[in-house]
Amino acid sequence: MADQQEEEDLRMALRMSMQNSPPEPKRSKPREAANLATTTPEESRRLQRELMAAAAEKRMLATGKSVPASGSPLKSDSGGDIGTKEMEIKAKEVKLGNELSEKEAYQLFFMVFGNGVSKDILAQWSNQGIRFSPDPETSMILVQHEGGPCGVLAAIQAFVLKHLLFCPDDLVKAAQSTPQNSTPRRLSKNQYVASNNFAAFTENAKARALVKSMGEILFLCGNNKRALIATLSSIGDGVEESEDSLTDVIIAQALEGLSIESASDLHKVLRVETYTTPASAYKRLEAIIPVFQSRMGALLFLISALLSRGLDCVQADRDDPSLPLVTAPFGHASQEIVNLLLCGQAVPNVFDGRMDLGGGMFLKGVSTNVEVGFLTLLESLNFCKVGQNLKCPKWPIWVVGSESHYTVLFALDTAVQDENELEARDSQIRKAFDAQDQSGGGGFISVEGFHQVLRETNIRLPSEKLDSLCGSGFIVWSEFWQVILDLDKSLGGLKDSTGQMGQKIFDLYHFNGIAKSDLNGSQFSSGGETPMQRPRLTKLRVSVPPRWTPEEFMADVAVLPSGSAGAQPSGKDTEVAKPEPSQHAPLVDCIRTRWPRAVCNWVGDPPSIV
């Protein structure tokens, strides 16, 4: 009789697990080891039923297969019985199949789109999948067909490049065995140069990199404790069990006539799944990756990131929570969306830390180091100041922002971020000045703050220079910078009397995911007349000259000391070979915010950031 009751209880638990909004399976409170010995047989049977029901629920929803309602013990992959503790952990790894409440759907929709959003913007965000380019030469680029979601795609693209170029499986395993806080920020002593054979990446490698990137971003948003994955309730688990040909049919049927035009639409179509371990999230993402490749992919991933962070936390991150995250009138991803995907917080600014405005008010910036970074054209126009956290990421990969679009810039050699002695000194002075700048990136500080900068950086200014800079009651960065350039290195400045600065030469690559006609490419359509529509990849040769002032660099003739190597016996001025004339495009201005005075050259059409 007792056995029949146990079996009936288990069947009930399994029936509950198949409902649209399954309740949480009951879980007993943790017991101390000493108490386990005194557990009664009745309590032991009850605990076993609960654990079996939870495990059965997880297995059914993860694999789509039925679990027999019997008391047979569960087996591990190696064939042994799964221990009670392990079963509890596995049962808590995942909670599947929850729908958004009406309140959550309403909050989510208006947080993303606001009031009065146009149908065009909704269409842009409902018609962009996360797919790689089919073109062999650009096969590692995520293709963008609609305006708007480029911020989401560019952030994912940056992480995909990280995994493809710098984190093959053997490096990932090695990194996992190293404590996170002991991992070096820079790799100057362990330089790594990735391959430039982009066409060599297999479809399987790209798929793994995409899954890892999406999972990493979601856990980053979830404070490394959880990842929420938003899928379509109409698709269910059929995608996991079907063949590739049937998968396309299932998704096409689910998307037929589907549109997101209101909060109620979100409430009807979304199903949210919560994962507390990266392994379980990766497995689920791998199984349902065709859903994210569909036309709803970019929007589903944005929703997943917002829910992983928590809607209330997202609003707390922002300076003005009343504004929509998708900006009008063109539906672009806001800086808050990009920052959420890059650093896990939906802060609206790109400077380091936060800026105190007084009176208990402050503006929020990026407070942590990041894996991949961010550069923006707006900094070159003096509209903002990108801090060192975003400007100097762990890996040489940057999302690049313009007024209307996001693209990706990267290097294959991690040494491009290494600094020589004077560059390190430059960074130290800039960072100390920025820490005292309370003007929102305006580039001026108080006299008191200026003296703090001089103390921190050990700069010894002549009294006449000090009086001149402090005469107006505040110090402007541009004026201070000119003084530093002319101040000898022995006094804490950047002027090197030896003239041996050391030129840096390296390559950068730029991806623009918008599919456009490739005028440089050799591949054409079958008619042989129309250039192929594909994303654009541009290789740039970057030279950072050894001159530290524009006047020195632009001078046609440089005078070398008569004793210098290469000087003529006559002592006449010796002409120094100048680098190739710089080609210019808006991307160059972005690059110069990271490497001042950079000279860039490329072959063919200029790189486009719009």
Side-chain angles (χ1 to χ4, degrees), residues 17-24 61-62 64 94-114 117 119 121-130 148-149 152 156 214-215 217-219 221-222 226-240 247 250-276 280-281 284-285 287-315 324-326 331 333 337 340-341 346:
S17 73
M18 291 185 285
Q19 296 174 0
N20 289 333
S21 301
E24 278 288 294
L61 291 171
V94 59
K95 177 177 65 181
L96 294 175
N98 292 335
E99 294 180 349
L100 285 179
S101 68
E102 291 186 15
K103 180 180 178 181
E104 289 172 326
Y106 182 91
Q107 183 183 5
L108 176 62
F109 184 86
F110 287 99
M111 178 189 298
V112 175
F113 296 113
V117 60
K119 290 187 177 182
I121 290 178
L122 291 171
Q124 289 173 5
W125 283 86
S126 300
N127 288 280
Q128 178 62 63
I130 305 174
V152 173
I156 299 174
M214 293 170 66
I217 292 172
L218 294 183
F219 266 93
C221 296
R226 66 173 189 173
L228 274 70
I229 300 176
T231 59
L232 300 175
S233 56
S234 57
I235 291 180
D237 296 312
V239 172
E240 297 181 58
T247 295
I250 292 172
I251 294 177
Q253 291 175 346
L255 294 177
E256 186 176 358
L258 182 104
S259 62
I260 304 295
E261 298 182 356
S262 65
S264 62
D265 290 337
L266 280 183
H267 179 244
K268 293 175 184 176
V269 305
L270 284 187
R271 185 177 76 172
V272 181
E273 308 165 352
T274 304
Y275 297 84
T276 56
S280 60
R284 180 62 173 166
L285 285 169
I288 63 170
I289 200 67
V291 178
F292 288 99
Q293 292 173 331
S294 75
R295 65 175 177 86
M296 293 291 293
L299 179 58
L300 288 174
F301 187 76
L302 172 59
I303 291 172
S304 300
L306 293 170
L307 294 175
S308 295
R309 176 63 178 157
L311 301 186
D312 291 338
C313 288
V314 169
Q315 293 296 68
L325 291 170
V326 171
I337 289 177
L340 174 66
L341 303 181

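Note that the structure is a prediction, hence the values are computed from the model and not measured. Computed from heavy atoms alone, side chains included, the values below leave out hydrogens, waters and symmetry copies.
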Note to self: Please enumerate all residues that pass ring pair (Phe, Tyr, Trp, His ring centres under 6.0 Å) together with F109, with sequence neighbours excluded.
What the structure shows: F113

Checklist line | Verdict with supporting geometry, L302 and V112, side-chain contact (heavy atoms from CB on, under 4.5 Å) | finding: CA-CA 9 Å; L302 172 59; V112 175; 4.2 Å; yes

Check: Given side chains that start at C-beta, do those of E99 and V272 come closer than 4.5 Å, heavy atoms only?
Finding: no

Next item on the list: Scan residues 291-313 for pairs that pass salt bridge (charged side-chain N to carboxylate O under 4.0 Å, His left out), counting only residues two or more places apart or in two chains.
Entry: R309-D317

Margin query: Please report the interatomic distance CD(Q107) to CG(L100), rounded to the nearest 0.5 Å.
Written below: 10.5 Å

Check: Does a sphere of radius 6.0 Å around CD in E102 hold more than 12 heavy atoms from other residues, nucleotides or ligands, not counting ones at 6.0 Å or beyond?
Finding: no

Notebook entry, point to check: Stepwise, does the side-chain contact (heavy atoms from CB on, under 4.5 Å) test hold for L228 with E273?
Noted result: CA-CA 5 Å; L228 274 70; E273 308 165 352; over 6 Å; no

Notebook entry, point to check: Is there side-chain contact between L218 and F301, with heavy atoms separated by less than 4.5 Å?
Noted result: yes

Notebook entry, point to check: When you check the side-chain N and O atoms of Y106 and E104, is any donor under 3.5 Å from an acceptor?
Noted result: no

Checklist line | Nearest heavy-atom neighbours spanning A254 and S234 | finding: CB-OG, 3.5 Å

Check: So, do V117 and V326 sit near enough that their side-chain heavy atoms are less than 4.5 Å apart?
Finding: no

Next item on the list: Check whether any side-chain N or O of S294 sits under 3.5 Å from a backbone N or O of V291 as a donor-acceptor pair, and report yes or no.
Entry: yes

Item checked: Backbone of A230 reached by a side-chain donor or acceptor of R271 within 3.5 Å -> no

Next item on the list: Would you check if M214 and I229 make a side-chain contact, meaning some heavy-atom pair closer than 4.5 Å?
Entry: no

Check: Got a donor-acceptor contact below 3.5 angstrom from the D265 side chain to the S262 backbone?
Finding: yes

Next item on the list: Would you name the heavy atoms of Y275 and S280 that are closest together and state the gap between them?
Entry: CD2-OG, 3.5 Å

Checklist line | Rounded distance (nearest 0.5 Å) linking atom CD1 of I217 with atom CG of L341 | finding: 5.5 Å

Check: Which pair of non-hydrogen atoms, one from M111 and one from V314, has the smallest distance, and what is that distance?
Finding: SD-CG1, 3.7 Å

Notebook entry, point to check: Counting only N and O atoms by type, is there a donor-acceptor contact under 3.5 Å from the side chain of H267 to the main-chain atoms of S101?
Noted result: no

Notebook entry, point to check: Rounded to the nearest 0.5 Å, what separation is found between the CG atom of L232 and the CD1 atom of I288?
Noted result: 9.0 Å

Item checked: Beyond-backbone contact of L299 with S126, side-chain heavy atoms, under 4.5 angstrom -> yes

Next item on the list: Provide the closest heavy-atom pair for I337 versus L325 in the form atom of the first, atom of the second, distance.
Entry: CD1-O, 3.5 Å

Notebook entry, point to check: Is the closest side-chain heavy-atom distance between I303 and L266 below 4.5 Å?
Noted result: yes

Check: Run the side-chain contact (heavy atoms from CB on, under 4.5 Å) check on L122 and S259 step by step: do they pass?
Finding: CA-CA 8 Å; L122 291 171; S259 62; over 6 Å; no

Item checked: Taking every non-hydrogen atom, the tightest pair across A281 and A227 -> CB-CB, 4.5 Å

Next item on the list: For the residue pair Q293 and I130, establish whether any side-chain heavy-atom pair is separated by less than 4.5 Å.
Entry: no

Notebook entry, point to check: Would you say the side chain of T231 lies within less than 4.5 Å of the side chain of L300, judging by non-hydrogen atoms?
Noted result: no

Next item on the list: Say whether, by atom type as modelled, one donor and one acceptor occur between the side chain of S233 and the main chain of V269 under 3.5 angstrom.
Entry: yes

